[in-house]
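Just follow the structure's listing: the first ligand is 1, and inside any ligand the first atom is 1. Here the structure is a predicted model, which is why all the values come from computation and not from measurement.
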Amino acid sequence: MNKADRLRDLEKEIAADKSLPLQGANLVFGEGNINCAVLFIGEAPGAKEDELKRPFVGRSGQLLDKNLEKIGWKRADVYITNIVKRRPPENRDPSPKEIAAYKPYLTKQIKIIQPKIIVTLGRFSMNYFLPEGKISRDQGKIFSAGGLPAYGGAKGDQGGSSFGGEEYLLMPMFHPAAAMRGTRVMKEFEKTFRRLPKLVRKAAELPKK
Ligand code: URA
């Protein structure tokens, strides 16, 4: 089965899993280039995302799109999804229980897509990979997965989690919504974003899967 078929099957599997929380909301599976170098993972859909069944199509999505454009990329070049795939009511933070319930499906999605780089947006998706991670300390650092040495981010870099030997680099970023709340975070967000093209070139040197 090819990637597209496997992703379609996975989406059906999630839709059919009635044990998952947040059943009142629409499923927002994810979208983009399934052969992407970079996979972005946010926390959970908001109102606009729930309405359109697409990730990052509200204000946070606009900021994401703007920053992609600034580095000469298109949204269609990357793949975008969330750790929790249905909207929590009133846009509250996803609960640990909700995250735990959706987690195995994110793992499957990553295994199918096999990106070279995973960018987590905000602390919830960062903590999926780095349970001890702290967003203000670790955003913009580069972590390795699959036992590879990390590089480029200098001090503080450490090995990330390995997903069945898959090799990719992990770069946590602030969530775009946090960036919109303050100038300092916005500056960091944009600065980290600008590092992506170089990181993609570096990741191309990773051993072939
Ligand atoms: N915030 C997220 O974390 N994900 C979305 O899809 C939209 C907003």
S.K.: Can you classify the ring geometry of Phe193 versus Phe40 as parallel (below 30°), tilted (30 to 60°) or perpendicular (above 60°)?
M.R.: parallel
S.K.: Nearest to atom 2 (C) of ligand 1 by heavy atom, Gly42, Ser60, Ala44: which?
M.R.: Ala44
S.K.: When only distance counts, is Glu49 in polar contact with ligand 1, meaning an N/O pair under 3.5 Å?
M.R.: no
S.K.: Determine, considering heavy atoms only, which of Leu64, Leu121, Asn82, Leu63 sits nearest to atom 6 (O) of ligand 1.
M.R.: Asn82
S.K.: Would you confirm whether Asn67, through its side chain, and Leu63, through its main-chain N or O, come within 3.5 Å as a donor-acceptor pair?
M.R.: yes
S.K.: Quick one: does Arg86's side chain get under 4.5 Å of Asn26's, heavy atoms only?
M.R.: no
S.K.: Any idea which protein heavy atom is nearest atom 1 (N) of ligand 1, and the distance to it?
M.R.: His175 NE2, 3.2 Å
S.K.: When you compare ligand 1 with Phe56, is there at least one nitrogen or oxygen pair between them that comes in under 3.5 angstrom?
M.R.: yes
S.K.: Do Gln109 and Thr81 come within less than 4.5 Å of each other through their side chains, counting heavy atoms only?
M.R.: yes
S.K.: Can you tell me if Tyr128 and Thr107 form a side-chain donor-acceptor pair at under 3.5 Å?
M.R.: yes
